[in-house]
Amino acid sequence: MPKRKSAPAEEGTQRRRSVRIASVNGTEPPKAGAKLATKKTQKTTKRSKPEEAVSSGSEPESEPQPKKSRTAKLPKTKPEPKSTKAKAKPPIPSVDSGSEKTYWLLKAEPESRLENGVDVKFSIDDLAAKTEPEPWDGIRAYAARNNLRAMKKGDLAFFYHSNCKEPGIVGTMEIVQEHSPDLSAHDPKAPYYDASSKPEDPKWSVVHVKFRSKFATPITLKDLRAMGAPGKPLENMQMLKQTRLSVSRVTAAEWEHLMGVAEEM
DNA sequence: GCCAACGTTGGC
DNA sequence: GCCAACGTTGGC
């Protein structure tokens with residue numbers, strides 16, 4: 001289900017955040033929210049981003065919007081060096097960094113909140129109860145979407161509870177299916193419906209995830225911020241720098257540090 | 001409910 | 001391409 005989470009921006013659609021819907025893809029009702037979610041309606045999730053996944057960005061990546069010039073910018077593929085010739089070769093790391101494994105952090109709202117009349121609540125327990133891969137839908141921010149599109153099967157991600165009493169990382173999940181169109185965007189009844197996304201040219205994406213673990217004790221936002229102080233292990237963590245991004249990158253060092261913290265708690 | 005951060009829109 | 005207005009995210 002959906003979760004939403006994404007970010008911002010977008011308009012229209014955007015709002016929703018997190019949520020997700022389940023429906024579309026299948027099944028479930030919307031759980032929505034979950035993912036990102038955020039408050040308002042649209043919020044989150046969906047929309048945002050473009051660019052590469054990586055950053056936050058704003059651009060839409062590919063699709064971006066039509067509008068003005070802005071759009072496109074992005075290099076879609078990587079910029080590679082122009083130099084090409086000569087040296088360049090090493091460039092290929094292709095996709096990301098090379099070999100390093102990539103980790104992520106996805107936000108979902110564990111408390112009930114209506115988006116377009118649908119409850120977008122989606123907690124780690126909701127995910128743990130699923131018997132089928134869950135589509136992380138509702139992302140309506142290009143930056144968040146771009147991160148979804150950069151995910152590879154087998155990548156691991158933290159499940160973060162947002163817009164709730166105790167915000168924080170509550171467990172982990174695995175990306176079991178790479179991105180595919182977020183069909184919930186085309187459903188007027190879905191929490192994060194986006195009239196600007198056409199079925200023949202889907203604007204938003206989902207990835208399917210599977211529950212892996214629930215921490216005995218959540219790592220709260222307060223804890224995360226303390227570990228994000230200058231000189232500390234999480235000082236450059238994307239989620240602390242771009243607080244509105246519902247789908248962010250986690251480095252291998254950050255992942256390991258946090259998994260260690262979770263164990264001792 | 002408030003509000004800070006920040007992304008998007010859209011005029012110029 | 002700049003930038004002001006506006007809207008959203010999401011913690012508190």
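Computed from heavy atoms alone, side chains included, the values below leave out hydrogens, waters and symmetry copies. Everything numeric here is computed off the predicted structure, so don't read it as measured data. Every chain is numbered from 1, with letters handed out A, B, ... down the list of sequences.
Between Trp136(A) and Phe159(A), the ring planes are perpendicular. Angles over 60° get that label, and only those under 30° would be called parallel.
Taking atom OH on Tyr160(A) and atom C1' on dG10(C), their separation rounds to 8 Å, with Å as the unit. Atom CZ in Arg244(A) sits about 6 Å away from atom C1' in dG7(B), given to the nearest Å. In this structure, Glu166(A) atom CD and dC12(C) atom C1' are separated by 12 Å, rounded to whole Å. Rounded to whole Å, atom C1' of dG10(C) lies 15 Å from atom NE2 of His161(A). Atoms CD (Glu111(A)) and P (dC12(C)) sit 13 Å apart, rounded to a whole Å. In this structure, CG of Leu224(A) is placed 11 Å from P of dC12(C), rounded to the nearest angstrom. Across the protein-nucleic acid pair, Arg145(A) atom CZ and dT8(B) atom C1' stand 15 Å apart, rounded to whole Å.
Panel note: side chain Arg212(A), backbone Ala157(A); no donor-acceptor pair is recorded below 3.5 Å.
Here dG7(B) is the nucleotide among dC6(B), dG11(C), dG7(B) with the atom lying nearest to any side-chain atom of Gln242(A).
By the side-chain contact (heavy atoms from CB on, under 4.5 Å) test, Ser112(A) is found to be paired with Asp119(A), Lys121(A), residues two or more places apart in sequence or in another chain being considered.
Phosphate contact (OP1/OP2 of dC12(C), side-chain N/O of Arg225(A), threshold under 4.0 Å): present.
Atom CD of Glu235(A) sits in a crowded spot, with more than 12 heavy atoms from other residues, nucleotides or ligands closer than 6.0 Å.
Using a 4.0 Å heavy-atom distance criterion, Lys241(A) is classed as a sugar-phosphate-only contact.
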